[in-house]
Every structure is written in structure tokens, then in C-alpha cells.
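Okay, so here's the structure we're looking at.
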Amino acid sequence: MLGSVVHVVGARPNFVKAAPVVAALRAAGQPQSVVHTGQHYDERMSDIFFRELGLPEPDVDLGVGSGTHARQTAALLVALEDELSARSPALVTVYGDVNSTLAAALVAAKLGLPVAHVESGLRSFDMTMPEEVNRRLTDQLADLLFVTSPEAVGHLANEGVDPARVHFVGNPMIDTLMAHLPRFDPAAARATHGLPARYGVVTLHRPANVDDPAAATAAVRALRAAAEQLELVIPLHPRGRAALEAAGLAGAPGVRIVEPLGYLEFMGLLRGAAAVITDSGGVQEESTVLGVPCLTLRPNTERPVTVTHGTNRLVEPDSLVPALLKALDGGSAAAEGPPLWDGRSGERIARIMTEWLEHHV
Ligand code: UD1
Ligand code: UDP
């Protein structure tokens with residue numbers, strides 16, 4: 001019998017990426033377990049995703065919670081060392097670029113446990129982003145690197161990663177989107193939030209936009225101006241809530257602030273939106289596939305295929321309104337979707353993992 005796979009997940013985007021991999025391994029009869037670090041813990045940031053995406057209840061929740069980078073990462077390292085030592089899996093699988101991802105990869109490597117990284121090789125080349133640090137270091141520690149878009153293969157080669165470890169499999173986040181597409185109901189989501197036929201969705205949570213009061217003020221000024229053109233609904237991530245509200249988002253005309261939404265409701269809103277304004281990695285990808293014009297409030301993106309093959313445009317606060325007007329005019333039609341974003345990535349990952357386990361256990 002093959003050794004077991006442990007999936008380490010902790011934050012909202014992890015759950016969306018892990019679901020199709022867990023499902024495909026389950027279908028292949030692979031023994032596996034899910035370790036939740038507890039980095040995200042609110043019902044709306046965590047439990048709702050397990051229910052909606054058919055993820056199994058985590059086998060354990062380490063309850064690590066929030067903190068500064070050092071405190072959170074330290075707590076993750078300590079808790080994961082005990083957990084992974086006890087489980088002693090044949091493969092530890094980590095997802096994306098959050099602190100739980102790097103911590104699990106680091107603990108596994110020190111314990112001599114092989115690591116698979118799903119969503120390897122994305123690079124913003126901006127080391128001020130905590131995620132860029134997490135991505136680069138995780139990729140150095142991984143034995144199996146699963147890549148969502150072709151340019152990532154080159155980034156990994158440039159960093160000295162053995163190409164034999166790298167597998168271009170497409171995007172599991174898009175597997176999740178395709179699996180649940182019939183359940184994304186824009187009319188129902190619009191009715192719930194009392195929105196007109198034409199509306200925009202906004203998500204903002206990157207430290208560069210919400211931690212610094214000056215940046216939050218610039219973002220809010222731009223959003224208030226955008227709301228004069230298009231009514232906006234903002235499911236607000238807990239990280240930015242206080243800063244964005246203090247900067248004048250609360251009570252702004254044409255702006256509806258709501259709690260973070262479950263996956264199905266959020267994707268229903270996104271599917272029906274005239275445009276989305278975001279700094280999320282996942283939303284850049286999802287809007288690409290849904291053909292929703294996406295304005296990314298960031299100076300760079302680690303997901304350039306969403307610009308070359310999708311509807312995404314990078315904007316600054318000052319260029320948001322002109323870009324929005326252009327998008328609403330139909331100025332950013334979708335091109336052909338990125339290669340292998342076809343709903344089969346989980347299956348590809350599962351096949352490669354099980355073959356790898358046959359040869360390494
Ligand atoms: C994390 C990831 C980021 C990812 C985002 C997805 C890192 C370094 N960052 O950012 O890459 O895009 O998740 O959403 O790992 N909080 C709650 N409830 C929760 C979780 C968090 O209120 O369930 C609040 C706490 O005040 C916490 C803050 O949000 O301090 C930030 O949470 P944290 O997980 O540290 O980082 P995120 O900003 O969520
Ligand atoms: N999402 C959701 N509800 C929300 C906001 C986001 O279900 O209110 C989903 C959406 O699918 C998104 C994913 O959560 O792609 C990850 O979101 P987030 O922006 O938090 O993380 P990032 O992709 O930036 O790391």
C-alpha cells in the first residue's frame with residue numbers, strides 16, 4: 001500500500017485549491033489526511049469553505065490563529081513539527097503562498113519528509129510582498145512542484161530548481177470554479193444584497209493597500225470615485241476592515257460593505273458583475289475564466305497570464321476610474337483562456353503524486 005499524503009491548509013485560498021486535489025486522490029484510493037493550521041478561523045473564512053467545497057472535515061485543527069509574521073510562523077512551526085512527526089506521511093502537500101504554506105514546507109524538510117507544492121513558480125518579483133518570500137522559499141524546499149502557468153517553469157529553472165521535479169498541470173482553483181459553476185447564481189446574490197443589474201465587486205486585503213493608512217486613504221478615494229460610475233459591493237476581509245472604514249469607506253455613497261462571503265455566494269456575485277476591483281490573487285484568475293473585467297489595484301502581478309490571456313489590468317488608484325470606464329465600455333474582452341485551465345488539474349496532480357509515491361515509498 002502507498003504511504004499517506006498529508007495536506008496542510010490554513011487560509012481561505014488554500015481551501016479552494018486543495019479541494020480538487022483531495023477529491024482526485026480520494027477517487028484514486030490514496031490514503032490521506034487534512035491538517036488545518038487554523039491560520040484562518042472565522043466561520044466565514046474557513047468552515048463555510050469545507051462545507052461548500054465538499055472538503056472532508058480536517059483531521060486536526062492546530063488552532064494557530066493570528067499574529068505578527070514571526071509569532072504566527074513560529075506558532076505554525078512548533079505545532080506542525082509535532083503534528084507531522086506524529087503522522088509521518090510519505091508526502092506533505094502545501095498550497096499557494098501563505099504563512100502556513102512555508103511553515104509546513106520548512107518543518108517537513110527538516111523532518112526529512114518530501115514536500116509537494118501546488119501553485120509553484122509564480123513570481124511578482126516584489127520581495128515586499130510576504131507571499132513572494134513564502135513562494136520562493138517553499139519552492140526551494142519542494143520535491144514535487146506543480147505549476148499553474150507556463151512562465152512559472154522558467155522562473156523555477158532560473159532559481160536552480162531541477163526541471164524533473166516540475167510539472168505543469170494547470171490550475172486547481174479553476175477546477176473548483178468549473179465543478180461548482182452551475183451553483184453560482186448572480187440573480188440570487190444580487191437580490192440578497194439589493195444590487196441593481198449593473199454592479200461591481202471589490203475585494204481588498206493586501207498589506208500594501210490596507211495596512212498603511214496613506215495607502216488605504218488613496219484606495220478609498222479611488223473606490224469612492226469608482227462608486228460614482230458603478231454601484232459597488234465589498235465583501236470585506238477582516239484584515240482591512242478597520243483601516244478602510246477609518247479612511248472613509250463606511251457610508252460612502254454607492255458602496256455596500258458586507259462580511260466576507262462563502263465561496264458560492266461570492267462567485268455568484270462575481271459571475272454577474274460588470275467589473276471587479278481587487279488585489280486578490282485568486283480573483284484575478286477566477287475573473288479571467290468568467291470573462292469579468294478585472295482591475296487589479298497593484299503595481300505588479302505574479303499571475304501575468306490573467307493579463308495576456310484574460311480580462312485583468314493592473315491599475316493605480318489614480319487610473320482606476322478611467323480603466324473602469326474603459327472596461328464598462330467593453331474595452332477589455334477576454335482572449336483565449338490560459339492553457340490547461342480546464343478543470344482537470346486535480347486529476348493530473350493526483351496521477352503524478354501516486355506515481356511518485358509508487359517509486360519513493
Ligand atoms: C493571508 C495570506 C495572504 C492571503 C490571505 C487570503 C499570509 C502572509 N498572508 O493574509 O497571502 O491572500 O490570507 O485571505 O499568509 N483575521 C480574522 N479572522 C480570520 C483570519 C484573520 O479576523 O479568520 C484577521 C486577524 O486580525 C488577522 C488578520 O485578519 O491578524 C490577518 O490574517 P492573516 O492570516 O495573518 O493574514 P491575511 O491578511 O488573512
Ligand atoms: N472568496 C470568497 N469570499 C470572499 C472573498 C473571496 O469565497 O468574500 C474566495 C475567492 O474564490 C477567492 C478565494 O476566496 O479566489 C481566495 O481569496 P483571497 O482573495 O482571500 O486570497 P488570495 O487569492 O489573494 O491569496
Side-chain angles (χ1 to χ4, degrees), residues 9-19 36-53 61 63-73 75-76 94-104 119 122 124 128-135 137-138 148 171-177 180 184 189 193 201-211 233-243 257-271 276-290 292 294 296-298 301-303 306:
V9 294
R12 181 165 73 179
N14 294 162
F15 313 139
V16 185
K17 292 164 197 174
H36 192 324
T37 65
Q39 177 173 344
H40 284 175
Y41 43 84
D42 289 345
E43 138 76 26
R44 289 169 162 276
M45 297 295 288
S46 177
D47 301 23
I48 193 166
F49 291 86
F50 283 78
R51 284 199 306 278
E52 291 189 346
L53 302 181
D61 186 332
V64 161
S66 308
T68 64
H69 283 281
R71 284 179 192 283
Q72 185 180 60
T73 305
L76 285 162
V94 300
Y95 296 86
D97 53 19
V98 304
N99 283 349
S100 297
T101 311
L102 173 60
E119 199 186 81
L122 296 184
S124 65
T128 67
M129 287 183 80
E131 294 81 4
E132 184 75 356
V133 178
N134 292 342
R135 291 179 198 119
L137 298 179
T138 302
T148 56
N171 192 335
M173 188 165 230
I174 301 307
D175 288 22
T176 300
L177 183 155
H180 297 279
F184 304 160
H193 297 283
V201 174
V202 180
T203 80
L204 281 189
H205 71 280
R206 296 250 98 82
N209 281 328
V210 305
D211 282 9
V233 58
I234 311 188
L236 208 46
H237 187 290
R239 175 175 206 111
R241 184 157 205 142
I257 299 177
V258 300
E259 295 292 312
L261 299 176
Y263 181 75
L264 296 175
E265 188 178 4
F266 178 77
M267 293 301 283
L269 271 184
L270 182 60
R271 186 182 194 182
V276 59
I277 300 166
T278 194
D279 57 11
S280 158
V283 173
Q284 293 174 62
E285 297 182 340
E286 292 157 340
S287 55
T288 282
V289 172
L290 294 174
V292 174
C294 179
T296 296
L297 201 53
R298 284 181 42 188
T301 178
E302 61 290 327
R303 292 164 161 89
T306 61

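Small disclaimer: the values here were computed from a predicted structure and weren't measured. One-based numbering, in listed order, for ligands and for the atoms of each.
- For R206, the heavy-atom gap to ligand 2 drops under 4.0 angstrom.
- On a distance-only criterion, H69 and ligand 1 share no N/O pair closer than 3.5 Å.
- Proximity of E285 to ligand 2, defined as any heavy-atom pair under 4.0 Å, is not found for any part of the residue.
- If you check which protein heavy atom lies closest to atom 23 (O) of ligand 2, you get G282 N, 2.7 Å.
- Near R239, meaning under 4.0 Å from any of its heavy atoms, are these atoms of ligand 1: 29 (O), 31 (C), 36 (O), 37 (P), 38 (O).
- Scanning all protein heavy atoms for the shortest distance to atom 13 (C) of ligand 2 gives M173 CE, 4.0 Å.
- No donor-acceptor contact under 3.5 angstrom links the side chains of Y95 and S100, judged on distance only.
- With a 4.0 Å cut-off on non-hydrogen atoms, E131 touches ligand 1 through its side chain and not its backbone.
- Heavy atoms of F15 come nearer than 4.0 angstrom to ligand 2 in no pair at all.
- Rounding to the nearest 0.5 Å gives a distance of 11.0 Å between NE2 of H69 and CG of L102.
- Within the 4.0 Å heavy-atom cutoff, G96 does not count among the residues contacting ligand 2.
- In terms of protein heavy-atom proximity, atom 27 (C) of ligand 1 is nearest to S66 OG, 3.3 Å.
- Side-chain N/O atoms of Q39 and N99 include no donor and acceptor closer than 3.5 Å.
- Checked against a 3.5 angstrom limit, the closest N/O atoms of S100 and ligand 1 fall outside it.
- Between Y263 and F50, the distance separating the two ring centers is not shorter than 6.0 angstrom.
- In summary, the atoms of ligand 2 found under 4.0 Å from a heavy atom of G262, numbered by their order in the structure, are 7 (O).
- The side chain of M45, and not its backbone, has at least one atom closer than 4.0 Å to an atom of ligand 1 (non-hydrogen atoms only; side chain from C-beta on).
- The aromatic rings of F15 and F49 sit tilted, their planes meeting at an angle between 30° and 60°.
- From the protein, the heavy atom lying nearest to atom 14 (O) of ligand 2 is R12 CG, 3.5 Å.
- Protein heavy atom in closest approach to atom 2 (C) of ligand 2: L261 O, 3.5 Å.
- For F266, every heavy-atom contact with ligand 2 shorter than 4.0 Å involves the side chain, none the backbone.
- Residue, atom and distance of the protein heavy atom nearest to atom 11 (O) of ligand 2 are E286 OE2, 2.7 Å.
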